[in-house]
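Reading through the structure tokens given below for one structure.
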Amino acid sequence: MPLDKPYLDVPGTIIFDAEQSRKGYWLNQFCMSLMQAANRARFKADERAYLDQWPMTEEQKQAVLARDLNWCMRTGGNIYFLAKIGATDGKSFQQMAGSMTGMSEQEYRDMMIKGGRSIQGNRYLGEDGDAQPQRQPQGKR
Amino acid sequence: MPLDKPYLDVPGTIIFDAEQSRKGYWLNQFCMSLMQAANRARFKADERAYLDQWPMTEEQKQAVLARDLNWCMRTGGNIYFLAKIGATDGKSFQQMAGSMTGMSEQEYRDMMIKGGRSIQGNRYLGEDGDAQPQRQPQGKR
Amino acid sequence: MAKITASVYTSHVPAIGVAIDQKKTQEDYWKPVFAGYDCSKQWLQENPPDVIFLVYNDHATAFSLDLIPTFAIGTGAQFRPADEGWGPRPVPVVKGHPELAAHIAQSVIQQDFDLTLVNKMEVDHGLTVPLSLLCGERDPLQGAWPCPVIPFAVNVVQYPAPSGRRCFALGQAIRKAVESYDEHLNVHIWGTGGMSHQLQGARAGLINREWDKAWLDQMIADPAACAARPHIDYVREAGSEGIELVMWLIARGAMPDIVDGKVQGPAPVVKHRFYHVPASNTAVGHLILEPA
Amino acid sequence: MAKITASVYTSHVPAIGVAIDQKKTQEDYWKPVFAGYDCSKQWLQENPPDVIFLVYNDHATAFSLDLIPTFAIGTGAQFRPADEGWGPRPVPVVKGHPELAAHIAQSVIQQDFDLTLVNKMEVDHGLTVPLSLLCGERDPLQGAWPCPVIPFAVNVVQYPAPSGRRCFALGQAIRKAVESYDEHLNVHIWGTGGMSHQLQGARAGLINREWDKAWLDQMIADPAACAARPHIDYVREAGSEGIELVMWLIARGAMPDIVDGKVQGPAPVVKHRFYHVPASNTAVGHLILEPA
Ligand SMILES: [Fe+3]
Ligand SMILES: [Fe+3]
């Protein structure tokens, strides 16, 4: 894709563009299916069997089973779709977002109450903010 | 609807705008259902019973049962939707279009072979072309 | 003739809906958020609209990857609250205004905006949370929203969203459309989403208070310059989901000080301005503007 | 870099598809219609595109009244021929070009066209009849269309369709998008539908030969003026379904003589021009233009 992608040098951030969308098509469509209570029940009853009904890659299935949202995103997932998995698990958006940082739930919540993550050092890849690759995972654990 | 509707003075012509679309919503959605062979079979087996599953007006149902496409259009039908009824009946687009003129199939076909209906007198309501209200229905029958 | 008499701007954080639905609005964490909307509720009661034109984005709810409209206008008679995975929110069905919606659609398409008309869709927290914030709790069955709502969904899920400039121009087209409607109607236009937030990856939780405040200042006073900002500014400075703010520019463009894309009248009156961090992952911004 | 090397224009009458599928092309009624495409088939073989960008309208097939996009671009990998009520046409599945389609979508949205992206849809006679006319019969299972096709659907079913001017501007945006694609690809753009026809009411069967010919002359030589014609001209002069002709202006706008909305280069070369009445209810028009 030769179009300009000025968003590739933002640390810790994957922009959901056409390329990601193509890659994640079935993963995201699987997520959409969890908007029906009956499907959520079927998924909970046997996650693997439910996933196997979708033409997702094995890696996408593993990422879902592991509830590793960063991994899901690398395989083309988008957070608004993936949120349906979290909802099925009874998780809040804050729990989901926090789970991608390596921080504990309490650490992430405290960071937000203190005003959220600072933009300092987190604008461009190569700076030294807490979202930069060299500082992952975050948190004390 | 206070928007300009410059198309209201064209004889023998209903433009499918938002107002018509609202009026014909369920009639047209019923027509869409005939794009599935199973639904066509159910409709053919008992037309009235099939129509009664849709929240159409009684007049719309009567218009469909009568296969009166002009009547269908007055109740909000659009020809591209109504064509699915014709298709279910095994009719061609030419048969459907011709059926709205009062001409016999042969008369309409002959008119088309001779170059179609003339625009003369058929641009504005009040002229004297063959599509004007005062000259309906057409055909020798 | 119909008229746009106010524009309202607010974040539409899903957790705010959860807090309302689970009666947590008086908890310490949530109190300051809802306090910021107390005078807005009062204002809405004193300035009741006949119709709300509500700009929001669908969060992978009504639109899957099968079909993604850039701009979708709800022309249907009603829109049910969607089940986003937690079950539908316990709020009333949203009644539309098919006649005005169809009128706006026709006018705006003829002004070269390529809308998608939607007669059937469910609406998610992007639309219902702002209604809850300004209208308060409403019983899902016995209750009702105070007036009809025309949902207007903007794609900000799959890149590229429409540009700020495009959204700003659209607001102007919507005002022209509303003002050409014969019936006397008092119309509010709401822009929702934002402000700074990021819901993904190692940068999740990003908040940029200074940027948000400067953006608000500029949007009020120099909206054409604000509309000229490229997407990457939002992503870099306000987080990947901060891009939702382009929707505020649709409402701002519909204010009567804007003529031919420029400020040509007195700035609108700021009836209320509120900013709070955090609500869940998000910086909450809220603004009420009335024509001068 | 990719390049638009030709534009093709043709009616897409459903009865033509039926005549092909039922092997009636050599009957007296149909012979002159298909004869008009003989040299086009030859031309296509001698000038094979890598991709066809095919502008057509959906005839209440993929899009019901639930959702009506003004402009929808097919970004999926394949598109099945639809069952329009007679059963699906026995023609091959249409393979898309997701990469180029997504590239064009992104570029054109950034040029302020508010597209709807569609990954899943079935295609009707509006798309498959032009392919059959220029590619000939193809076995639905063993056969294939000669190259990938990007479907581009324009709303002309529910009024208002996009204006001729909007369509003409869109064509220019599509050319810019194609020319910014890195891979070397030879792209044809096809505009389909029309010419004069009316399928409804007492005026059904209307044909306006003089108007059609004058319109073709003007579209070739003075496309900006042609694009300025209001919808009502088409309805009044070319029948209610004659409005489909606005789609031809998208293909015409993509020719390189058009810069900033005006003719600024030598007119394209007319490789072939054909006009015949009738095919079923319709005046068949067909044109092949190559950049000068
Ligand atoms: Fe949002
Ligand atoms: Fe057509």
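These figures come from a predicted structure and were not determined experimentally. Order of the sequence lines fixes the chain letters, A, B, ..., with proteins taken first and strands second; residue numbering starts at 1 for each chain.
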Do you know which of B:L69, B:N122, B:I85 has the most heavy-atom pairs under 4.5 Å to chain D? B:N122
Side-chain donor-acceptor contact under 3.5 Å, D:S280 with B:Q94: no
If you draw a 6.0 Å radius around CG in B:D46, do more than 12 non-hydrogen atoms from other residues or ligands fall strictly inside? yes
Side chain of B:R117, backbone of D:A202: donor and acceptor closer than 3.5 Å? yes
Within the 3.5 Å criterion, strictly below it, is a donor on D:Q200 or B:T13 matched to an acceptor on the partner's side chain? no
Report which part of B:I79 has an atom under 4.5 Å of a heavy atom belonging to chain D: side chain, backbone, both, or neither. side chain
Could you grab the distance from atom CZ of B:F93 to atom CD of D:E84, nearest 0.5 Å is fine? 7.5 Å
Determine the option with the most heavy-atom pairs under 4.5 angstrom with chain B, choosing from D:V277, D:L206, D:V18, D:I232. D:L206
Atom NZ of B:K23 with >12 non-hydrogen neighbours under 6.0 angstrom: yes
Turns out that what part of B:M32 lies under 4.5 Å from chain D's heavy atoms comes down to side chain
Counting only non-hydrogen atoms closer than 4.5 Å, does B:S99 touch chain D with its backbone (N, CA, C, O), its side chain (CB onward), both, or neither? neither
With a 4.5 angstrom heavy-atom cut-off, is it the side chain or the backbone of B:R109 that approaches chain D, or both, or neither? side chain
Return the minimal non-hydrogen interatomic distance between B:A97 and D:A204, and the atom names on each side. O-CB, 3.6 Å
Between D:D66 and B:Y25, do the side chains contain an N or O donor and an N or O acceptor separated by less than 3.5 Å? yes
Under a 4.5 Å heavy-atom cut-off, does chain B meet the side chain of D:N281, its backbone, both or neither? both
Which one of B:I15, B:L82, B:D130 has the most heavy-atom pairs closer than 4.5 Å to chain D? B:I15
Can you give me the closest heavy-atom contact between D:R203 and B:I119, atom names plus distance? NH1-CD1, 3.9 Å
Does the pair B:Q29 and D:L65 meet the rule for a side chain to side chain contact (heavy atoms under 4.5 Å, CB included), with working shown? CA-CA 7 Å; B:Q29 296 296 75; D:L65 291 183; 3.7 Å; yes
Which bit of D:S196 is near chain B, if near means a heavy-atom gap under 4.5 Å: side chain, backbone, both or neither? neither
May I ask you to check if D:R236 and B:Y7 form a cation-pi contact, with NZ or CZ under 6.0 angstrom from the six-membered ring centre and within 45° of the axis? no
Heavy-atom pairs under 4.5 Å with chain B are the metric here; pick the option from D:A283, D:G205, D:P160 that has the most. D:G205
Are side-chain heavy atoms of D:T61 and B:Y80 found at a separation under 4.5 Å? no
Contacting moiety of D:E210, where chain B heavy atoms sit under 4.5 Å: neither
Sort B:N39 into side chain, backbone, both or neither according to what part of it lies under 4.5 angstrom from a heavy atom of chain D. neither
D:H231, D:R209, D:E237: which one forms the most heavy-atom pairs within less than 4.5 Å of chain B? D:E237
For B:N78, is it the side chain, the backbone, both or neither that has a heavy atom under 4.5 Å from a heavy atom of chain D? side chain
Report yes or no: does B:K84 contribute a side-chain atom to a donor-acceptor pair with the main-chain N or O of D:W86 at less than 3.5 Å? no
Between B:R40 and D:D83 (salt bridge meaning N to carboxylate O under 4.0 Å), is one present in this structure? yes
What part of B:M35 lies closer than 4.5 angstrom to a heavy atom of chain D: side chain, backbone, both or neither? both
Does NZ in B:K91 sit with more than 12 non-hydrogen atoms of other residues, nucleotides or ligands closer than 6.0 Å? no
Supply the atom-to-atom distance B:K5 NZ to D:Y159 OH, rounded to the nearest 0.5 angstrom. 10.0 Å
Of the backbone (N, CA, C, O) and the side chain (C-beta and beyond), which part of B:R123 lies under 4.5 Å from a heavy atom of chain D, both, or neither? both
At a heavy-atom separation under 4.5 Å, does D:Y234 approach chain B through its side chain, its backbone, both, or neither? neither
Please say whether more than 12 non-hydrogen atoms of neighbouring residues, nucleotides or ligands are located less than 6.0 Å from OH in D:Y29. yes
